[in-house]
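Inspection log for the structure reproduced underneath, given as structure tokens.
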Protein chains: 2
Amino acid sequence: MSERHGEGAPTRRRGATLENAITDAAWAVLVEHGYNGFTYEAVAARAGTSKPVLYRRWPQREDLLIATLTRYWRPLGIPDTGSLRQDALTLLRAVNAERGRTVILLRIHLADYFRETGTDFNDLRSRLLPADRTPPFAQLVDRAAARGELTDVPRSARVVNLPFDLVRHDMLMTMGPVPDESIVEIVDTVWLPLLGLSPHATHAGH
Amino acid sequence: MSERHGEGAPTRRRGATLENAITDAAWAVLVEHGYNGFTYEAVAARAGTSKPVLYRRWPQREDLLIATLTRYWRPLGIPDTGSLRQDALTLLRAVNAERGRTVILLRIHLADYFRETGTDFNDLRSRLLPADRTPPFAQLVDRAAARGELTDVPRSARVVNLPFDLVRHDMLMTMGPVPDESIVEIVDTVWLPLLGLSPHATHAGH
DNA sequence: GCAATTGGATCCGCTTGCGTATCTTAACCT
DNA sequence: AGGTTAAGATACGCAAGCGGATCCAATTGC
């Protein structure tokens, strides 16, 4: 900004305030222009600062990328409503709301990054998340079995993670969040029947 | 190539021969470097020719892209083996083999193209394929119902297309073809049970 | 065999982003 | 208050790709 804003004293950000402003701008650029539009010039311009400020903190583009993603990637909270169906719906809605853009970003817009660095989505995830816990839906199913809502037979990961995969699939196809009816449909007409439950045999119908 | 090759007469391609060589090179560049690496210079170099040759034929980058994709996008053949399970396996294997790279390319590497042009995957598909026929899996299910293999109740598109979606999902996640066991698993442990069939109740087991 | 095409090499000016250096001055510390 | 830190503007040479123009010669059609 070479312009003075209004007549107020020129404001100059520092430290964490500045870093947050920059990673916010970086995120916006990433979402709007993809990894190849993710240039130091674009991020600096968007953040209202200049390239040297970025280079001083993140010498490599990858450093800036990681810092940006870290700010926007939160581990999912695992719901516990007492009903498998409600747990599933709640979790999928959270995924849809919180991760709608992130999933697109990671899987699609970062494809160039993965190719350039020779890395993989899993490499990136292990840099963002501490450990590999059991997948969210496996936790839901385990708890439902412990409650007696499901019989305690082994189930394939494919069936257990099916709703997650289908929602992710729809997000990738539409490049955005998924309508809520799709989530309900996936749970009620695909997943619960496969597990041997009918949607309304459980408590807490919809 | 300013080098002469061996001592043979310098060969100069023309017409269709040249165009095929160029679109082949363009495809290779697209697969290896994505849409942003899909430059006239890179394609020309790869094809062993020069930029003006490309510009003479395809003035816009999009023209070259469409010409390239057209060469590599074939409508799927719909199998008819007499058994729903075999039909499904055959179709999914064909998708996996023929479209493994294409799906990745279209969905992921062309994300930048879609954003830049403001277009959509469906826009592109309608430029590559003539009409929108009924989806492949709907045809399989209709035929199975006509044979009496399935009862003739209405089924949601979600359930009908489930195997296609799951294979596509796996291809997108692994950025490549899917192991054959996944295909069998999807059909036998997910789809057929959902349709009310057990994998081996039909003829022609695996 | 000769003339018309057209493939292929080379060069142009332009733009964008890179990564760094320099300089000012606002914001903070003690 | 005075000194230190670092934000932010500006400029740099470099490289890649763009979209053409120019030129030569290999191929083809007649």
Side-chain angles (χ1 to χ4, degrees), chain A residues 1-26 29-30 32-65 67-68 109 112-113 115-117, chain B residues 1-26 29-30 32-65 67-68 109 112-113 115-117:
Chain A
M1 326 226 170
S2 51
E3 304 290 310
R4 42 180 52 268
H5 8 122
E7 55 218 31
T11 235
R12 185 178 282 186
R13 299 155 298 181
R14 292 202 151 214
T17 308
L18 178 60
E19 294 201 3
N20 289 341
I22 292 175
T23 48
D24 285 348
V29 169
L30 207 44
E32 283 177 28
H33 304 292
Y35 182 69
N36 40 7
F38 185 68
T39 69
Y40 277 71
E41 315 232 342
V43 173
R46 178 115 189 184
T49 181
S50 60
K51 286 191 296 172
V53 175
L54 305 197
Y55 276 105
R56 278 196 278 264
R57 288 156 201 271
W58 304 282
Q60 314 277 350
R61 177 189 300 213
E62 185 170 7
D63 303 328
L64 179 54
L65 178 69
T68 302
H109 297 332
D112 295 319
Y113 163 72
R115 183 182 29 236
E116 281 172 24
T117 60
Chain B
M1 315 264 168
S2 51
E3 303 292 311
R4 45 178 54 268
H5 4 123
E7 55 217 33
T11 232
R12 183 176 283 187
R13 300 154 297 181
R14 293 204 152 213
T17 308
L18 179 60
E19 292 200 6
N20 289 342
I22 292 175
T23 48
D24 285 348
V29 169
L30 207 44
E32 284 177 29
H33 304 294
Y35 182 69
N36 40 6
F38 185 67
T39 69
Y40 278 72
E41 316 232 340
V43 173
R46 178 115 190 185
T49 181
S50 60
K51 286 190 297 172
V53 175
L54 305 196
Y55 275 105
R56 277 196 279 264
R57 288 154 200 272
W58 303 282
Q60 313 278 349
R61 177 189 300 210
E62 185 170 5
D63 302 328
L64 179 53
L65 179 69
T68 302
H109 297 332
D112 296 319
Y113 164 72
R115 183 182 28 236
E116 281 173 23
T117 59

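Chain letters run A, B, ... following the sequence lines, proteins first and then strands; every chain starts at 1.
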So which protein N/O to nucleotides 19-22 of chain D N/O distances come out below 3.5 Å?
residue: dG19(D); atom: OP2; partner: Y55(B); partner atom: OH; Å: 3.1
residue: dG19(D); atom: N7; partner: K51(B); partner atom: NZ; Å: 3.2
residue: dG19(D); atom: O6; partner: K51(B); partner atom: NZ; Å: 2.9

- Task: Indicate, with a heavy-atom threshold strictly under 4.0 Å, whether S50(B) touches base, sugar-phosphate, or nothing.
- Result: base

- Message: Quick check: closest heavy atoms across N36(A) and H33(A), and the distance to 0.1 Å?
- Response: OD1-O, 3.3 Å

- Taken to the nearest whole Å, CG/L18(B) to P/dT28(D) is 12 Å

Atom pairs under 3.5 Å, N or O on each side, protein against nucleotides 28-30 of chain C: can you list them with distances?
none

- Query: Nearest heavy-atom pair of A42(A) and G37(A): which atoms, and what distance?
  - Reply: CB-O, 3.8 Å

- Task: Report yes or no: is the cationic atom of R61(B) (NZ for Lys, CZ for Arg) under 6.0 Å from the centre of the six-membered ring of Y113(B), at an angle within 45° of the ring normal?
- Result: no

- Query: Which distance, rounded to the nearest 0.5 Å, do you find between the CZ of R46(A) and the OG1 of T39(A)?
  - Reply: 12.0 Å

- Query: Quick one: R57(B) CZ to dT5(C) C1', roughly how many Å, whole number?
  - Reply: 12 Å

- Task: Compare every heavy atom of W58(A) with every heavy atom of Y40(A), then report the nearest pair and how far apart it is.
- Result: OH-O, 2.8 Å

- Item | W58(A) CH2 to dA7(D) C1', straight-line distance once rounded to whole Å | 13 Å

- Write down the distance between CG (L54(A)) and P (dA6(D)), rounded to a whole number of angstrom. 16 Å

- Task: Calculate the interatomic distance between I22(A) atom CD1 and dG8(D) atom C1'; express it in whole Å.
- Result: 11 Å

- Item | Closest non-hydrogen atom pair, Y35(B) against H109(B) | CB-O, 3.2 Å

- Message: At less than 4.0 Å, is any side-chain N or O atom of T49(B) found next to OP1 or OP2 of dG8(C)? Yes or no.
- Response: yes

- How far apart are the closest heavy atoms of L65(A) and L30(A), and which atoms are they? CD1-CD2, 3.6 Å

- Hey, could you give me the OG1/CG distance between T49(B) and L18(B), rounded to the nearest 0.5 Å? 6.0 Å

- Query: In whole Å, what is the span from the CG atom of N36(A) to the P atom of dT16(C)?
  - Reply: 16 Å

- Item | Nearest atoms (heavy-atom pairs only) where R13(A) meets A21(A) | NH1-CB, 3.6 Å

